[in-house]
Every structure is written in C-alpha cells, then in structure tokens.
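Naming: A, B, ... by sequence-line order, numbering from 1 per chain.
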Number of protein chains: 2
Amino acid sequence: MPPAVNLKSLAQALNLSIATVSRALQDSHEVSPQTKERVRALAAELNYQPNAYASSLRRNLSKTIGVVIPEVNNHFFSLAINGIEEVARQHDFHVIIYLTHDDYAREVAIAQYLTGGRIDGLLMSVASGSQDFAHLHKLQENKLPIVFFDRVCEEVSTAKVTTNDYESGFRATQHLLEAGCRHVAHLLVSGNLSIGRSRMQGYAAALQAHGLPYDEDLVLSGGNDQERNATLIKELLERRPEIDGIFASVEHLAIGSYHACQRLGRSIPEQVKIIGFSNLEIAALLNPALTTITQPAYDIGREAAVILLRAVTRKKSVLPAQSLMLESELFARASTAR
Amino acid sequence: MPPAVNLKSLAQALNLSIATVSRALQDSHEVSPQTKERVRALAAELNYQPNAYASSLRRNLSKTIGVVIPEVNNHFFSLAINGIEEVARQHDFHVIIYLTHDDYAREVAIAQYLTGGRIDGLLMSVASGSQDFAHLHKLQENKLPIVFFDRVCEEVSTAKVTTNDYESGFRATQHLLEAGCRHVAHLLVSGNLSIGRSRMQGYAAALQAHGLPYDEDLVLSGGNDQERNATLIKELLERRPEIDGIFASVEHLAIGSYHACQRLGRSIPEQVKIIGFSNLEIAALLNPALTTITQPAYDIGREAAVILLRAVTRKKSVLPAQSLMLESELFARASTAR
DNA sequence: TTATTTACTGGAAACGTTTGCGTAAATAAA
DNA sequence: TTTATTTACGCAAACGTTTCCAGTAAATAA
C-alpha cells in the first residue's frame with residue numbers, strides 16, 4: 001500500500017497543521033492567499049482526493065441520494081434516471097440505485113439499509129406489491145427526506161411528482177371509444193397502486209360518459225412475468241371475443257397485447273385497437289405503430305430530483321406535502337386507427 | 001434531532017461497553033450467548049442501523065461498487081445493470097451508477113471522484129470518445145480493482161468481459177450476403193472503441209470471404225444524437241443508392257436505419273435488408289421484425305460483477321489480465337428475409 | 001495449593017475529516 | 001503609548017465504528 005495522500009501527509013510536507021490544510025482546500029477566508037496556493041499546488045500534484053467517508057461521518061452529510069425503483073430495464077424508469085442523474089451531477093451529488101423488482105420484501109430490506117445514514121435523500125417509486133408502509137414511515141422518522149415519483153405512496157405525507165393519470169386514463173379510453181370500440185378491456189399492473197387506481201377511475205369515467213357499462217371482467221391485473229401476461233391476455237381475448245379495444249396501463253402490457261393478438265391471429269387495429277402508456281421511442285416503428293400515452297419521464301426524474309436536492313441542501317428533513325403534476329401526451333398511431 | 005441510536009447509546013442502555021456491543025452485533029465468539037441475545041434484542045427494538053460511513057472509514061471498505069456506463073436508457077446497459085445489481089445484492093453490496101453520456105470529460109471527472117475511496121471496485125464500459133486513458137491508470141494506481149465489460153479498454157490491463165464481437169460482425173455480414181446483399185453498409189458508433197473495431201474487422205473479413213471489396217465510404221460513424229444519425233443514414237442511402245444491406249453495430253443505429261428507410265420510401269427487406277446488434281425485447285414486433293445479434297447483456301453484467309466482487313472480497317486490488325468472452329446469438333427475422 | 005488456560009469484558013487508539021476555540025503577531029484605533 | 005481588532009494559524013475534540021491490548025474471574029491442570 002502506497003502511503004495514502006491525506007490531509008496529514010499534506011500538512012507534514014507543507015509544514016502546516018492539518019486544520020490549515022483542510023481550510024485551505026475549502027477556500028476558507030481564514031487562511032492566507034499564499035498558503036492556499038501552496039496547499040492547492042501540492043494537493044493537485046499529489047492528486048489528493050478527500051476521503052468521502054471521513055467527510056461524511058464528520059459532517060453528517062453524504063452528498064448521495066438514493067433511487068429506489070422497481071426495474072431499470074424499463075423505458076420510463078431509465079429515462080427518469082437520466083433526469084435524476086443530470087440534476088445530481090449539477091449539485092455534485094452521487095446516485096445510488098436500488099431495484100425492488102416489485103417485491104415488497106426487498107423494498108423493506110432496502111429501506112432498512114437506508115436508515116443507516118448512507119444517503120441524504122431518497123427518490124422512490126413504490127413496488128406494486130406494497131400494502132404496508134411502516135418501512136417508509138420509519139425512514140421519515142429517521143429524518144430522511146423522500147420524494148415519490150410516478151408510483152407515489154398516498155399514505156406518506158411528503159412531496160410527490162406524478163402525471164395526470166386520471167385524465168390520461170380518461171383520454172385513452174375516450175380515444176378508443178371515439179375510434180369505434182364498444183368493449184374496452186383495461187390492463188393494469190396492480191390495483192392498489194395509486195396511479196393504477198387513478199388510471200382505472202379515468203377508464204371507468206370515460207365508459208360512463210359514453211353510456212357504456214363498467215364490466216369488472218374486462219379489467220385484468222398483470223404481473224412482472226411477461227410470458228404469463230401474454231397468456232392471461234390471450235385467455236381474456238378468447239373468453240370475451242367481443243373485446244375490440246385494449247387500454248394498457250403500462251408499456252409491457254401493451255406489448256403483451258400485441259403478442260396475444262399475434263398468437264390469436266387478431267388483427268390490429270381492425271379487430272382490436274390498442275393504446276398503452278409507454279415511453280418506447282420506437283412505438284412508431286411497431287407493426288402496427290402503437291398509439292401511446294407518453295409520460296414526460298425525463299422531466300419527472302428531473303423535477304423530483306430538484307425538489308429533493310432543494311430540501312437536502314436546505315437541511316429540510318421532512319418535506320411539506322406537495323404534489324407536482326406533469327402532463328402526459330397522447331400520440332395517436334395506427335394501432336387505434338378506425 | 002432524536003438522539004441517534006448508535007453503539008454508545010446501546011452500550012449505555014445495556015450497561016455494557018461499546019466494544020462488547022460492537023462484537024455482539026458481529027456475532028463474535030468472544031462474547032457470551034446471553035449477552036449477544038440481550039444486545040440483539042435491544043438493537044432490534046430500537047431499530048439500530050450501524051453508521052455506514054463510520055464503518056467504512058474504520059475498515060477501509062465501503063461495500064459499494066461503482067458502475068460507469070455511457071447511458072442507462074439503453075437496453076443493453078439496463079439489462080447489464082440488472083445482472084450487476086443481482087450479484088451485488090447477494091453480496092450485500094451497494095451499487096452507485098455514473099453516466100458518462102459518452103463524454104470523455106465526464107468520464108475523467110467521474111474517475112477523479114472515484115479515487116476518493118468511495119467505492120471498493122469498479123465496473124466500466126468506456127465512453128466512445130475516450131482516447132487517453134491516464135484517468136483509468138490513475139484508478140489502478142489507487143488500488144481500485146476494475147472490470148471492463150462490453151466496451152473494454154485495451155490499454156488497461158485488468159479483467160474484461162465481452163462478447164464474440166469479431167465473429168458476430170462476421171456472421172451478421174455473412175447473413176446479409178447470403179440473403180443476397182451485394183452492397184452492405186456498416187454503421188458503428190465509434191472507430192476507436194475496441195468492440196467497434198472487432199465488429200468492423202468481422203465485417204471486412206466477411207466481405208473478403210465473399211470476394212467483395214471493402215468500401216470505406218460504406219462505413220458510417222454515428223453519434224448520440226438520434227435525429228442526426230437518421231439524417232446521416234438517409235444521406236448515405238441517397239448518395240449510394242446501390243446499398244441493399246445495412247449492418248448496424250448498435251441498436252439505435254438500426255432504429256435510425258428504419259427511420260431513414262421510412263423517409264426515403266425504401267422498403268425493408270425488399271430494397272434494403274437490415275441487421276443490428278440489439279437487446280430489444282420487441283424486435284419481433286417491429287415493422288418489419290428486426291433481425292438481431294443479441295448479446296447476453298444480463299449475463300455480461302452478472303459475470304463482470306462476480307469477477308469484481310471476488311477480487312474485492314479477497315482484497316485483490318489489481319486484477320490479473322483476463323478475458324471472458326460470452327456468445328451472442330443471431331435471430332433471423334423479417335428484416336433480412338430474401 | 002499454585003500455575004495455567006479459558007471465557008468474557010472494557011479501555012483506548014485509530015480511520016481522515018471538520019470545526020470550535022485559543023493565541024500570537026500584525027494592524028488599526030484611541 | 002496603550003488598547004482593541006483583525007489576520008493567520010494550530011490544538012484538540014468530535015463523528016461512530018472496529019480492533020488491539022489488557023484485565024478479571026472462573027475453570028482446569030499441575
């Protein structure tokens with residue numbers, strides 16, 4: 001091990017005290033310009049890097065934020081991460097990522113970790129299986145500021161960034177109805193997710209507005225197993241052959257619908273029209289091009305990070321309950337053509 | 001601030017010394033079973049979490065690995081991250097992610113950070129713009145074990161995980177030639193990336209094997225701006241209308257080719273056949289379905305993480321130069337049909 | 001009975017940083 | 001001249017762990 005270059009070795013080499021070297025590197029006003037220059041020169045020459053852990057321990061600040069999401073292999077979340085990382089970098093913050101794989105137990109374990117003071121703030125999209133939120137309340141008790149994005153947790157009072165999910169659900173359904181659909185199925189990932197509920201309510205309201213009945217049997221809850229989803233959708237389409245429209249609440253369920261239709265030989269959009277929430281850049285290149293409700297994923301990540309970092313740098317540990325709602329956009333494409 | 005629960009407070013409450021409490025929580029053999037139980041019980045009750053920074057500082061070990069990649073909004077990398085995270089979780093390690101956006105300056109800045117001892121090991125896919133590798137050598141001098149994956153850096157001697165890029169390039173090109181193409185363009189992201197070179201060499205070798213000339217003008221270097229890529233490809237297709245096959249070395253260039261053909265009204269695969277490296281799950285749903293060379297992205301991430309964590313836990317700071325090469329798979333689909 | 005081991009436990013140093021406080025010299029004010 | 005103030009720096013404590021080094025008491029061996 002080469003003798004690590006730290007404040008002590010710098011101080012010795014410069015014949016100064018550790019305190020002075022530390023202050024010089026922080027550009028403190030209580031060290032002379034000449035000394036600052038000497039210190040900086042040697043630090044640069046020896047390639048000194050402060051020990052992040054010592055600094056974090058002493059200052060009780062880690063310059064790190066955590067991001068807890070279900071998956072990273074998902075266009076929405078990877079775009080959001082891009083936004084988050086952008087903001088973090090501007091503030092000289094580091095980003096630790098944890099994946100729950102939509103598993104409640106993992107989410108709890110991760111939350112447990114996080115009470116150790118490893119991060120200064122948390123950005124989170126809750127796992128779909130989560131019902132109990134004691135682990136999140138514990139984080140708040142530990143003075144960890146939290147910002148939820150997209151999959152928010154209503155039971156915890158803090159800042160939240162979402163999109164207009166109710167309205168989007170309404171518009172998506174309405175879009176199908178206006179395209180001539182009369183039997184619209186709704187595929188969602190989990191009924192107890194707040195955004196799932198909102199989209200569902202929008203769906204139900206649109207049906208009602210068009211004088212159509214809400215049929216519980218047309219609502220399908222999918223999971224994380226893509227193959228299984230495709231099978232479930234296929235079974236639904238077989239069981240209810242009158243279905244002529246599908247509103248998929250998340251991207252991979254729209255994809256699953258394509259596969260199901262392919263297997264059943266149902267043509268899109270002639271027999272079944274499909275609209276889905278999605279951040280696929282290549283929705284337009286699908287066969288047929290997929291009509292999407294597209295969330296401003298990058299901006300959601302950005303905004304959530306901005307709110308969090310503002311709180312962190314101001315040492316506001318508990319964020320006032322606030323909701324920022326961004327607008328999704330509907331891109332009509334071939335999959336819902338008349 | 002609620003009085004933080006730490007070793008000291010636990011020790012006081014239990015009328016024990018800090019040392020004993022610490023040892024009890026680590027299940028040391030030199031503390032009695034009864035004491036261990038008492039300590040554990042109170043720790044659990046008070047929800048004690050050890051301060052990660054104090055521990056890292058003292059043990060000179062952070063239980064954290066860094067991942068430096070160009071983008072996260074990319075199927076290959078997000079799958080790789082899934083693999084990495086899986087292994088890290090099994091070893092109780094944390095994962096910090098840094099994005100270079102393929103920018104050399106950012107990569108250098110990130111490397112600079114990383115010498116601060118914040119992480120115990122590094123997984124890296126180098127930025128396409130990187131020419132000089134002093135920043136990486138510095139990391140090695142700082143005793144940071146590095147494993148490169150996919151976009152490896154040949155100039156740095158350490159462990160590397162890649163796929164059979166030369167062979168894949170050869171097979172991809174051969175596939176087009178066997179489908180009848182005579183003028184095959186090659187789109188790549190950067191000529192000075194080692195994997196880019198390998199794929200390119202495979203491309204050139206396949207041409208030669210089929211008695212076709214290598215034409216430099218048919219090789220196009222793309223960037224990160226998708227719109228610009230599509231324009232460049234379009235211009236190439238206009239300039240050289242005889243092009244009847246495209247081998248895209250990365251996913252988004254294949255997508256760009258689709259867009260370019262769409263704009264020019266060239267039909268795939270009748271006029272132009274396209275094959276591309278890609279981890280798109282929905283390649284089969286594109287219009288037409290895209291023929292792909294698919295890398296085992298998840299496994300690459302997994303294997304790289306396994307190698308790294310083995311080195312980290314064995315305190316091997318400098319890894320022996322080794323290469324692990326996994327196999328890519330070619331999925332023939334409609335975009336290269338005769 | 002004495003010597004030696006074994007089983008627990010505690011004191012204190014160390015990791016590298018930041019920062020409150022003290023102080024000497026230099027300067028300004030009285 | 002004396003007295004305040006400023007400037008520039010050092011000492012040492014603190015952050016919460018881990019771990020080396022002893023130390024005590026009981027158990028075993030001689």
Just wondering, are more than 12 heavy atoms of other shown residues or ligands nearer than 6.0 Å to [atom1] in [X]?
X	atom1	value
Lys138(A)	NZ	no
Asn15(A)	CG	no
Asp132(B)	CG	yes

Grab the [atom1]-[atom2] distance between [X] and [N] for me, whole Å please.
X	N	atom1	atom2	value
Leu14(B)	dT9(C)	CG	P	11 Å
Lys8(A)	dT18(C)	NZ	P	16 Å
Leu7(B)	dT9(C)	CG	P	16 Å
His29(B)	dC8(C)	NE2	C1'	10 Å
Tyr53(B)	dT18(C)	OH	C1'	16 Å
Glu30(A)	dC21(C)	CD	P	13 Å
Leu25(A)	dT19(C)	CG	C1'	15 Å

Ranking dT9(C), dT19(C), dA13(C) by distance to the side chain of Val31(B), first place goes to dT9(C)
If a stem is a run of at least 3 consecutive Watson-Crick or G-U pairs, both distances under 3.5 Å, which stems include DNA chain D?
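Stems found: C:1-30 with D:1-30.
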Between [Y] and [X], is there a side-chain heavy-atom distance shorter than 4.5 Å?
X	Y	answer
Lys63(A)	Val312(A)	no
Ile146(A)	Leu123(A)	no
Ile300(A)	Thr162(A)	no

Could you label the plane-to-plane angle of the [X] and [Y] rings as parallel, tilted or perpendicular, counting under 30° as parallel and over 60° as perpendicular?
X	Y	result
His135(A)	Phe133(A)	parallel
His94(A)	Tyr113(B)	tilted
Phe149(B)	Phe77(B)	perpendicular

* For DNA chain C, whose closest nucleotide is more 5', that of Leu57(B) or that of Thr20(B)? ->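 Looking at the nearest nucleotide for each, Thr20(B) comes out on the 5' side.
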Return the 5'-most residue of the pair Tyr48(A), Asn15(B) with respect to DNA chain C, ranking by each residue's nearest nucleotide.
->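 Between the two, 5'-proximity favours Asn15(B).
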Any Ser22(A) side-chain N or O less than 4.0 Å from OP1/OP2 of dT17(C):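 So the side-chain polar atoms of Ser22(A) never come under 4.0 Å of the phosphate oxygens OP1 or OP2 of dT17(C).
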* Should Ser17(B) be listed as having a side-chain N or O under 4.0 Å from OP1 or OP2 of dT9(C)? -> no
- prompt: Contact class for Ser56(B) (heavy atom, under 4.0 Å): base, sugar-phosphate, or nothing?
  reply: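 Nothing, no heavy atom under 4.0 Å.
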Give one of base, sugar-phosphate or nothing for Ile18(B), where a contact means two heavy atoms less than 4.0 Å apart.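 Here Ile18(B) touches the bases of the nucleic acid.
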Original post:
5' to 3' on DNA chain D, which nucleotides open and close the contacts with chain A (atom under 4.0 Å from a heavy atom)?
Top reply: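 Boundary nucleotides touching chain A, in 5' to 3' order, are dA8(D) to dG16(D).
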Original post:
Side chains of Ser125(A) and Asp150(A): do they bring a donor and an acceptor to under 3.5 Å?
Top reply: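 Per modelled atom types, Ser125(A) and Asp150(A) side chains form no pair under 3.5 Å.
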Comparing Ala54(A) with Arg58(B), nearest DNA chain D nucleotide closer to 5' gives the residue Ala54(A)
Problem - Of Gln34(A) and Ala19(A), the one whose closest DNA chain D nucleotide lies more 5' - result: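 Closest to the 5' end, via its nearest nucleotide, is Gln34(A).
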